[in-house]
Number of protein chains: 2
Amino acid sequence: MKQRTATIQDVARAAGVSTATVSRTLSKPSVVARATREAVLGAVEATGYRLNATASNLRRQRAGSVIALIPNLANPFFSQILAGISSVLTKAQLGLLVADTQSGPDPDERLAYYLRSGQADGLILLDGTLNEAVLDVAGRPPVLMACEWMGSDLPSLRVDNARGVDMAIAHLVQMGHRKIGHITGPQSNVLTKARHDGFVAAMMARGMALHEDWIFDGDFSMDSGRAAARQWLGLDDRPTAVFCASDEMAVGFMGAAQHAGVRVPDDVSIIGFDNIEMVGHLTPALTTIRQPRTEIGVRAAEMLLGMIEAGALTGPSEQIDVEFVIRESVARIAE
Amino acid sequence: MKQRTATIQDVARAAGVSTATVSRTLSKPSVVARATREAVLGAVEATGYRLNATASNLRRQRAGSVIALIPNLANPFFSQILAGISSVLTKAQLGLLVADTQSGPDPDERLAYYLRSGQADGLILLDGTLNEAVLDVAGRPPVLMACEWMGSDLPSLRVDNARGVDMAIAHLVQMGHRKIGHITGPQSNVLTKARHDGFVAAMMARGMALHEDWIFDGDFSMDSGRAAARQWLGLDDRPTAVFCASDEMAVGFMGAAQHAGVRVPDDVSIIGFDNIEMVGHLTPALTTIRQPRTEIGVRAAEMLLGMIEAGALTGPSEQIDVEFVIRESVARIAE
DNA sequence: ATGAAAGCGCTAACAT
DNA sequence: ATGTTAGCGCTTTCAT
């Protein structure tokens, strides 16, 4: 029984008013007379009318949705951020489109496509590896960076990475560690740079030695943490503590170390970054730097919404604070 | 420099043809003369024209996107499925809208809304708690269930839960376990029922006792696994093995047990369900039942696409096989 | 092979 | 307070 869905015309006819009145009743109820309003609402009910979003969007010259560009959808780190974004957009009657930048051949190309496609009223960029030059598109919608980004002055929401790293190193030093290693993120990533720079700065500030052998190349994944552990195991002079640029790498490192019979934290202390949910359930529970992911999503969406409503391509930037969560993966070292 | 983006009219003018020809050139290039086609393509290039998806969709009476309804976006379990869905939809030129069913007040209401909204050409349901009656909507788009669902004959993609559970119990029995407990998912969930029923059937089939005390109520979360562990610790007669309806609960259970000084698997064996990435990095690595998540997403999207293209509300159902992954969290018990 | 023209369903001036 | 009307940008008959 395929019955064509009712249009605004059907409602207007049923209520004995014009389509304009129906439209008004639905968008600005206060401007129509009470009796009319009730008639229209009754007709809406009777006909089962639903606004056709496509037509409405076309007429209003908007897309009705926001796109979140995520480096890798399969990475659970982003799911909570998405949830935060979603909650804000839903209230604002905007859809949330998600797209994976790294899944196709050319990530920059994906971004360029979405900027021109008119499919979105705004973009939230969660991928710090994209090329900034791509943003130079005439008539593009507002874009909010919800990640570190090469010295750009685009509106952005950043996390205070340097401070997070500094707290971690300070804690390790206070616990007596002098030999501290670092597992980095992937090369091209801005987060990698921010955390690595923070690491170097924090170490220098405390007059600590930086060993090249103690910097392990990772890519944020558990597997790369595991690989780093193997490297660490092969070292003659091992750092007594390792600061990982992501919790996932910390999990991989810890698992591999434990499987090799190394005790954590007795034989090696570990600190992660992110505070993904599971690390509190590990044995030992991981000491890490917490990023408030839901809040990041919420603020990012709110900031973008502000730009959309203002019709502006620029807007303020913000920084979100991190929190140092001390659990059980760092041991005190005898001085 | 805000320059209005070019419309099909601009292209037509620049190429000296009608808008119809431009439209044809772009959608069915084979029906226009070669010379015309080249002129049009040149004009597209020159004007920087991009198809306005909203207008196109309105005219073609479609939405241009698919909605994935997810119980909880913050749950990383779904991110990989989304990635699979996204990869298929992108190729088909369809957007992926995601919505959280459990975030609002009334999940069924959300579903009902999307069914009527016309915002999507199809829906993929990943939430097994929704009320089937809600689907009875005239003129709704095709829906694919990518989860267990009350005895419905809607097109669906299911995972062979019963078989997965049976393999798990068979393994435990073979390893000498006779006292086996189970941590369930949330009450209303169909997955919970499927796995619990599978558990009961597998136990009965092997003539094993079912203790009420050994069934722990969970909700798939790590915290509920932790709570189950505390309950387990308080038991006089403890099961020697616990089958968890989700990996997350297994993680929570294992962490809490270990923190209480219980050795895994020596003192208690644990099996999970899902094979989320991290469980291979735990100590001990978790034995579990693998669900191919990316593949689930891919197949679900492909099946839905089939229905959309056929303009059908019904279609075939499929079952995806699971795989039993033996790692280190089950010990052999002396008979 | 191409063009003319009629809308898809809606909203927002503008007029009353 | 309400109605009239003119499109938003596109696709698709139906002619030619």
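Throughout, protein chains are lettered first and strands after them, A, B, ... in sequence-line order, and every chain is numbered starting at 1.
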Tightest non-hydrogen contact, residues B/V137 and B/V134, listed as CG2-O, 3.3 Å
Using whole Å, report how far CG of A/N57 lies from P of C/dC8. 18 Å
From CZ of A/R60 over to P of C/dA13, roughly how many Å is that when rounded to an integer? 12 Å
Write out a two-atom table: protein N or O, nucleotide N or O from nucleotides 2-6 of chain C, distance below 3.5 Å.
from  : atom 1 : to    : atom 2 : distance (Å)
C/dT2 : OP1    : B/T36 : OG1    : 2.1
C/dT2 : OP2    : B/A33 : N      : 2.7
C/dT2 : OP2    : B/T36 : OG1    : 3.3
C/dG3 : OP2    : B/S18 : N      : 2.8
C/dG3 : OP2    : B/S18 : OG     : 3.2
C/dG3 : OP2    : B/T21 : OG1    : 2.7
C/dG3 : N7     : B/R24 : NH2    : 3.1
C/dG3 : O6     : B/R24 : NH2    : 2.5

Given atom CZ of A/R116 and atom C1' of D/dG9, what is their separation to the nearest angstrom? 20 Å
If you measure from OH on A/Y114 to CG on A/L125, what distance do you get to the nearest 0.5 Å? 12.5 Å
To the nearest 10°, give me the bend of the helix from C/dA1-D/dT16 to C/dT16-D/dA1, comparing the axes of its five terminal pairs at either end. 30°
Identify the two heavy atoms, one from A/S156 and one from A/S317, that lie closest to each other, and give their separation to 0.1 Å. N-OG, 3.0 Å
If the cut-off is 4.0 Å, is B/Q61 near the phosphate of C/dG9, judged by side-chain N/O to OP1 or OP2? yes
Correct closest heavy-atom pair for A/F78 and A/P71 would be CZ-CG, 3.5 Å
Atom CD of B/E45: over 12 foreign heavy atoms under 6.0 Å: no
Using a 4.5 Å cut-off on heavy atoms from C-beta on, say whether the side chain of B/I308 contacts that of B/R62. no
Would you kindly give the CG-to-P distance between B/L58 and C/dC10, to the nearest whole Å? 9 Å
Atom-pair distance (CG on A/D10; P on C/dG9), nearest Å: 9 Å
State which of D/dC8, D/dC10, C/dC10 makes the closest approach to the side chain of B/I8. D/dC10
Taking C-beta and beyond as the side chain, do B/L41 and B/L26 meet within less than 4.5 Å on heavy atoms? yes
With a 3.5 Å cut-off and no angle check, do the side chains of B/S65 and A/Q119 form a donor-acceptor pair? no
Contact residues, residues 38-45 of chain A to DNA chain D [heavy atom, < 4.0 Å]: none
Does B/V31 offer a backbone N or O that forms a donor-acceptor pair with the side chain of B/R24 under 3.5 Å? no
Please give, in whole Å, the distance from D/dA1 P to A/K28 NZ? 12 Å
Any side-chain donor near an acceptor of the partner, A/T101 and A/D127, under 3.5 Å: yes
Are OP1 or OP2 of C/dT11 and a side-chain N or O of A/S23 less than 4.0 angstrom apart? yes
Evaluate the side-chain contact (heavy atoms from CB on, under 4.5 Å) criterion for residues B/R37 and B/V40: first the C-alpha distance (whole Å), next the side-chain angles of each, then the deciding distance (0.1 Å), finally the verdict. CA-CA 5 Å; B/R37 193 191 319 149; B/V40 169; 5.8 Å; no
A/L26 CG - C/dC10 P separation (whole Å): 10 Å
